[in-house]
Each structure stands twice: as structure tokens, then as C-alpha cells.
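I'd like to ask some things about the structure below.
Naming convention: chains lettered A, B, ... in sequence-line order (proteins, then strands); numbering from 1 in each chain.
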Amino acid sequence: MLLELRDLKKEYLRQGSPFAAVDGVSVSVDKGEFVCVTGRSGSGKSTLLNMAAGLLKPTSGSIAFDGRELSKLDDDELSFLRNTRIGYIPQGHSVLANFSVLDNIRLPFYLYKREGNPTDRARRLMEQVGIPHLEKSYPAQLSGGEVRRVAIARSLVNAPQLLIADEPTGDLDRQTTEDVMNLFTQVAGDGVAVLVVTHDADVVRHNSRHFSMDSGKLTEGGG
Amino acid sequence: MREHTFSSFDIALENLRRKPFRTFCMTAFVALLAFVLSGGSLLAVSLLNGISSMSRRLGADALLVPGGYERRVEGALLRGEPSAFYLDGEVAQKLMRAKGVAQASPQLFIATMDSAHCAFPVQLIGYAPESDFVIAPWLKGQLSEGLQDGEIVIGSSIDAKAGTKLRFFSTDYRVRAQLERTGMGFDTTVFFNMKTARDTLKECIRYGGAQVADAERAVSVITVDLAEGVDPSAFSRNIRNRFREEGAEVILTKSLISNVTRGLNALLTFIAALALILWALAVGVLAILFAVTLNERKREFGIYRALGSTRKKLVHIVLSESAVISLGGALVGIALLCLLAFSFAPLIRLTVDMPSLQPSAGTIALLLGLSLTVSLLTGALASSYSAAVIGKLATSAILREGE
């Protein structure tokens with residue numbers, strides 16, 4: 001199993017009382033699986049995703065990535081793991097305004113010293129997500145859908161084993177949403193585990209597995 | 001962005017390049033700090049050097065001068081302001097034999113004129129090589145044998161070279177040597193022996209530049225070394241009482257130096273306070289600017305974090321930005337200072353109105369290096385809070401977006 005979440009809990013203090021944003025969630029995701037988690041705003045979806053990406057520490061429970069317990073990794077190891085094996089697409093506008101489209105996509109490769117040149121792969125990914133003509137453009141010149149495609153291409157540049165996307169279709173029109181979800185299906189078809197959270201129930205038809213989340217609890221199926 | 005490099009430094013440079021106004025303001029602030037720090041320290045060391053040089057050059061315990069001319073003697077010695085004043089020759093002889101005097105030597109001051117028969121207005125000082133113990137010892141370093149009649153030694157700021165001639169009162173004098181800088185009035189003074197000085201005084205009188213009854217015996221200043229155990233204040237009181245009618249006055253060199261030192265201390269305190277206030281301001285303003293900027297950019301840093309940047313990498317980016325700003329600002333400030341200080345050095349010396357002596361190249365390099373270091377540390381200190389919280393802020397910015 002690539003990703004295993006066991007009895008995961010994340011508590012915050014709200015007005016002095018503990019409040020569970022994620023409450024006893026257990027789920028496993030294997031290579032090539034496309035998992036979609038739906039739920040209303042504030043149901044705990046993004047918290048779950050951030051814990052799975054190693055950005056947030058759980059209050060209790062465990063997260064194992066390819067057999068490695070994330071809680072045992074220090075910041076350097078966890079960051080390297082996220083860079084090399086997890087493609088993360090944060091919610092909202094998540095490309096860097098200072099860099100061109102090509103540089104945004106190549107950025108994860110260059111965050112660590114590596115052999116090789118990511119430019120060819122970045123260009124292939126731009127073809128794949130349908131933005132080959134935007135290589136030299138800057139984010140301010142792009143539409144919302146194009147920005148999202150840049151973020152998707154960027155998340156794939158290091159050939160990750162797990163792709164995590166937080167509300168990837170949140171502000172997109174129906175056609176672009178369709179295109180983005182088709183892309184994720186294609187990525188999953190290439191053997192990458194895809195974990196998407198969204199409040200848009202329409203995207204569920206693309207998924208092999210569907211979970212719904214409510215008040216921090218995860219239920220398989222439509223809930 | 002250049003090909004194949006996304007080091008923390010490259011990212012920092014790109015961030016600075018894309019925000020030119022913010023970068024310019026922060027750099028200008030550091031430049032101002034470096035300018036004041038290096039300029040202030042350079043000025044302070046120059047003034048301290050000037051005082052030290054003055055103490056060495058005024059190698060007498062007291063100067064006996066005509067009453068009422070004390071300020072003009074100071075002006076001539078400290079700033080080279082051309083002055084002429086004379087004691088009666090007979091009085092001068094009595095003064096040199098006064099009680100408490102161990103050795104005494106006369107000097108003759110002549111102010112040249114701003115006219116066709118003088119090269120330029122300057123202070124001429126004649127000294128008596130056979131009795132002098134003030135000027136002769138440091139002239140000896142540059143003259144293998146004493147000055148001959150008709151020869152002069154010129155201060156470092158006088159525009160002439162050894163071997164050339166300078167004309168005063170229609171007489172040409174051969175420049176025998178040029179002195180090294182002293183930081184005081186001697187830099188714009190011309191020295192000759194007493195015989196040449198008396199001949200020159202006669203010419204000066206002929207041109208109407210001085211009114212002296214007996215040019216052969218007139219004396220401007222008597223430099224005095226006190227006998228051992230003589231209290232300078234008591235000597236001073238004694239001279240004033242005994243020579244009240246003849247109009248002789250005493251300037252104690254220690255008092256002269258301590259007067260200058262008092263003025264210098266006030267200036268140094270002002271410079272230090274200004275530098276300290278500016279440094280505190282620079283740290284505070286830069287820290288606020290970094291913090292505000294960081295707050296605006298936490299989403300950007302959050303994206304780096306989500307892409308796999310370590311906290312250390314984010315800290316490196318923040319520190320690289322502050323280092324580039326600090327280094328750039330410090331270099332600009334120091335370059336501006338060098339341009340101004342070395343181009344307008346004479347004007348600055350005149351404005352400061354105190355003896356000053358430029359430090360050696362090594363000392364200047366050390367001072368500029370220190371200013372550079374302080375400026376760099378200022379940038380690092382100002383960005384330290386931002387660097388310390390960036391990891392946490394960046395992560396929470398990404399997390400909040402999702403909640």
C-alpha cells in the first residue's frame with residue numbers, strides 16, 4: 001500500500017474546548033488508484049489532505065508512505081519526500097507570480113541538487129495539460145484554468161507516486177473541470193495514486209473510489 | 001530566471017528584481033546607514049589623528065604672544081589662517097629670560113598678500129635653527145642639513161614641489177622640501193630661517209603688509225619649555241603680572257589642546273549618537289519592512305513549502321534577500337562616501353574647523369570593512385525575526401487556505 005492513514009485525528013482548540021477537525025480517519029490508497037473525497041466546507045477534507053502530505057502533524061494516529069512512518073521523519077526528510085514522491089496542488093492560486101510558466105513547472109526539480117535537466121519533461125507536461133504555447137508567459141497573464149494546468153504540470157514534474165490535489169476544480173467552468181479530471185484519470189492510469197478533495201460532487205463519476213467527509217469523519221461511498 | 005539554477009540565492013535575487021521599488025527603498029536605507037557609519041568613523045579617526053599630530057608638533061609647554069592676539073595664534077597654528085603680530089624685540093628678550101623658562105626660541109610670523117608680488121596668501125613662519133626645539137626637530141627628518149638663506153620648506157597642502165621657486169614680496173625662494181601632512185595649520189605654512197624671515201619682513205613692510213618699528217628685532221611668538229618643577233599656571237600668572245604693561249600673553253599648549261579636545265569630544269559624541277540612532281532606526285525600519293513583506297508573501301513561501309522546500313531553505317531565501325540588500329546598500333553607501341570624502345576632503349576639513357589628519361590606507365580599509373560588517377549584520381538582525389517565523393507562517397498560510 002502506498003499511503004496508509006490509521007485512526008488519524010487532528011484536534012484544535014475552539015473557544016477553549018477541543019474540536020476534532022479530523023476524527024478517527026483510516027484509509028489506504030494504492031498505486032494507480034484515484035480517490036476522491038467530497039464534503040462541505042469545514043468538514044475536515046483539507047486538514048486530512050495536509051496531514052497526508054506531511055505538512056501538518058496529526059494529534060494522534062499514524063501516516064505511512066510506502067511503509068515509512070511520517071512522524072519519524074524530520075523536516076528535511078519529510079520535505080524531500082514531499083518534493084520527490086508527492087505532487088501537491090494547493091487550493092487556490094498556487095503558482096509563483098515572479099516566475100514564468102516554464103520556471104514554475106521546473107521549480108520543484110531545482111529545489112534540490114539533482115542530475116539532469118527537467119526542461120524536456122516540463123515541456124512534455126505542458127503539452128499534456130494543453131498549455132505548450134504559454135511557456136514564457138507569467139501567471140498574471142493566464143486565466144484561472146490555465147493557472148490550474150500549470151499547477152498540475154508542476155506537481156508532476158518530479159514523477160511523483162502520489163498526487164494530492166486540494167479543490168483542483170474549485171473556480172473552473174464545467175468544460176475545464178472535465179479536462180482537469182480527465183487529466184487526473186490519465187495520471188492515475190499511469191500508475192500514480194491520486195487523492196483529490198472537492199466539494200463538487202459532479203467530479204465523483206471520474207473516480208475509482210469515493211469517500212465523503214462530514215464533521216471530521218470519513219465514510220466510503222456517497223455517505 | 002537563468003537556466004538550471006533555482007538556488008536560494010537565485011530565488012532571492014529574482015524576488016528582489018521583481019520588486020524594484022521595495023528593493024530600492026531598503027537598499028537606500030542601508031546605504032544611508034553605511035554612509036553615516038563609515039563617514040562618521042572616518043571623520044572621528046581623522047580628528048583624533050589631528051589632535052595627536054598637534055600634540056606632537058606643538059612640542060613646547062607655552063607660547064608667549066602679544067596680548068589680544070591669542071585667537072589669531074590659534075587660527076594660524078590650527079588652521080593656517082595667515083596672521084601677523086609682533087612683540088617688541090626688547091620685551092621678547094626679557095620674556096626669554098623670564099623666571100621658570102628652561103629654553104626659549106623666537107618665531108616670526110608674516111602673512112603674505114593676495115597680490116601680484118606674492119604667489120598666494122599664506123602663513124610664513126621664520127624660526128631660529130640655533131635655539132628652536134619645536135620646528136627644527138621634525139624638519140630634521142626631511143632635511144639632511146639646515147635651511148640655507150633664501151630656502152623654504154612648505155606644508156603638504158601648498159601646491160609646489162621641491163626644487164621649484166615660490167615668490168613672496170617679489171623675492172623668489174627655492175623650495176627645499178615639502179612636509180608630510182600634519183592635519184593642522186602647518187600644512188598651509190611656509191617655513192624659513194630667521195635671517196630670511198627678517199629680510200622678508202622688511203619687504204613686507206615696504207609693500208605695506210606690516211607695521212613694525214624694528215624688523216631686525218621683532219618677534220611674533222616665543223616658544224617656551226618650562227624648567228622642571230615649574231607650574232604652568234603659576235608661570236602664566238607671573239608673566240601676565242610682570243608684562244602687563246608690555247602686553248605679553250601666555251598660551252599654555254596643554255590648554256590649547258584641551259580646548260580643541262573638548263570641541264572634538266562634543267563632535268564625537270554627536271557622531272556616535274547619530275550613528276547609534278540611525279543604526280537602531282535602520283534595524284527597526286528594516287525589520288518592519290521585512291515583517292510586512294513576509295506577511296504579504298507568506299502564501300508564496302507556503303507554495304515553496306508545499307513543493308518540498310525545507311524550513312532551512314525558506315530561511316536561506318529570506319537571509320539571502322537581506323544579505324543582497326545589505327551588501328548592495330553598504331557598497332553604495334561606502335562608494336558614495338569615498339567619492340564625497342576624497343573629492344571634497346579640503347572643503348570638509350575647512351568646514352569641521354579642527355585639526356584633522358587622514359588615517360592611513362590600512363586604517364581606512366579597516367574602518368570601511370567595519371562599516372560593511374555592521375551594515376551586513378544590521379540586515380541579518382533585521383531579517384532574523386522574519387527568518388525565524390517563516391517556516392511556520394508559510395505552512396499555516398497553505399493550511400488556512402484549505403480550511
Side-chain angles (χ1 to χ4, degrees), chain A residues 12 21 41-51 53-56 74-100 102-104 106-113 116-119 138 151 154-155 157-158 160 164 166-167 197, chain B residues 1-23 293-318 320-321 324-325 387-403:
Chain A
Y12 293 106
S41 294
S43 60
K45 307 184 298 292
S46 293
T47 304
L48 178 69
L49 220 56
N50 287 321
M51 287 193 287
L55 282 165
L56 187 63
D74 63 19
D75 184 61
D76 287 2
E77 292 168 322
L78 205 51
S79 299
F80 187 67
L81 177 91
R82 194 162 51 245
N83 178 264
T84 51
R85 301 181 71 183
I86 301 173
Y88 185 88
I89 304 168
Q91 191 176 10
H93 188 95
S94 68
V95 293
L96 294 165
N98 289 352
F99 300 133
S100 69
L102 179 64
D103 282 338
N104 259 287
R106 295 187 302 180
L107 180 61
F109 181 90
Y110 284 124
L111 285 178
Y112 291 86
K113 278 182 184 162
N117 185 340
T119 307
Y138 278 82
R154 184 184 62 193
S155 70
V157 76
N158 284 340
I164 293 177
D166 192 356
E167 298 283 4
V197 302
Chain B
M1 177 65 63
R2 285 165 288 164
E3 280 281 334
H4 310 315
T5 49
F6 274 89
S7 67
S8 305
F9 189 70
D10 288 315
I11 291 172
L13 275 186
E14 188 65 14
N15 287 336
L16 293 174
R17 197 179 65 80
R18 300 281 295 184
K19 299 278 182 195
F21 184 68
R22 189 186 75 198
T23 305
T293 305
L294 185 72
N295 209 38
E296 285 170 2
R297 296 170 58 196
K298 59 188 178 190
R299 170 80 181 158
E300 171 193 335
F301 283 104
I303 294 167
Y304 284 118
R305 193 90 177 104
L307 298 180
S309 278
T310 59
R311 286 199 182 95
K312 273 184 266 178
K313 175 121 184 159
L314 300 188
V315 170
H316 284 164
I317 293 173
V318 172
S320 297
E321 286 187 20
V324 170
I325 286 169
V389 299
I390 182 66
K392 202 172 171 185
L393 265 183
T395 309
S396 68
I398 276 290
L399 301 183
R400 287 247 168 85
E401 194 80 24
E403 285 306 306

Is there a side-chain contact between A:Tyr110 and B:Asp10 (heavy atoms, below 4.5 Å)?
no
Using every non-hydrogen atom in the two residues, find where A:Pro90 and B:Arg299 come nearest and quote the distance to one decimal.
CB-NH2, 4.2 Å
Give, as side chain, backbone, both or neither, the part of A:Val95 having an atom under 4.5 angstrom from any heavy atom of chain B.
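The backbone, not the side chain.
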Using 0.5 Å steps for rounding, measure from the CD1 atom of A:Ile86 to the CG atom of B:Leu307.
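Rounded to the nearest 0.5 Å, the CD1-CG separation comes to 12.0 Å.
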For a quick test of reading the model, state the closest non-hydrogen atom pair linking A:Asn83 to B:Gly308 and the distance between them.
CB-CA, 3.8 Å
Kindly compute the distance separating CZ (B:Phe301) from CG (A:Leu96), expressed to the nearest 0.5 Å.
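Answer for the CZ-CG pair, B:Phe301 versus A:Leu96, is 10.0 Å.
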Does B:Ile303 offer a backbone N or O that forms a donor-acceptor pair with the side chain of A:Tyr88 under 3.5 Å?
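Side chain of A:Tyr88 to backbone of B:Ile303, a donor-acceptor pair under 3.5 Å: no, none is there.
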Taking only Lys NZ, Arg NE, NH1 and NH2, and the carboxylate oxygens of Asp or Glu, determine whether B:Arg305 and A:Asp75 approach each other closer than 4.0 Å.
yes
Could you check whether B:Arg18 makes a cation-pi contact with A:Tyr138, meaning its NZ or CZ is under 6.0 Å from the centre of the six-membered ring and within 45° of the ring axis?
yes
Hey, could you give me the CG/OG distance between A:Leu107 and B:Ser309, rounded to the nearest 0.5 Å?
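If we round to the nearest 0.5 Å, A:Leu107:CG and B:Ser309:OG are 7.0 Å apart.
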If you define the side chain from C-beta out and look only at heavy atoms, does anything of B:Thr310 sit under 4.5 Å from A:Phe80?
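Sidechains of A:Phe80 and B:Thr310: no contact.
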What distance separates B:Glu300 CD from A:Asn98 CG, expressed to the nearest 0.5 Å?
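It is 5.5 Å, given to the nearest 0.5 Å.
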Just so I understand: if I count every heavy-atom pair under 4.5 Å between each of A:Pro108, A:Ala97, A:Ser79 and chain B, which residue has the most?
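Most heavy-atom pairs under 4.5 Å with chain B: A:Ser79.
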For A:Phe109, which atoms come within 4.5 Å of any heavy atom of chain B: side chain, backbone, both, or neither?
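No part of A:Phe109 comes within 4.5 Å of chain B.
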Counting heavy-atom pairs under 4.5 Å with chain B, the top scorer among A:Lys113, A:Arg154, A:Glu167 is A:Arg154
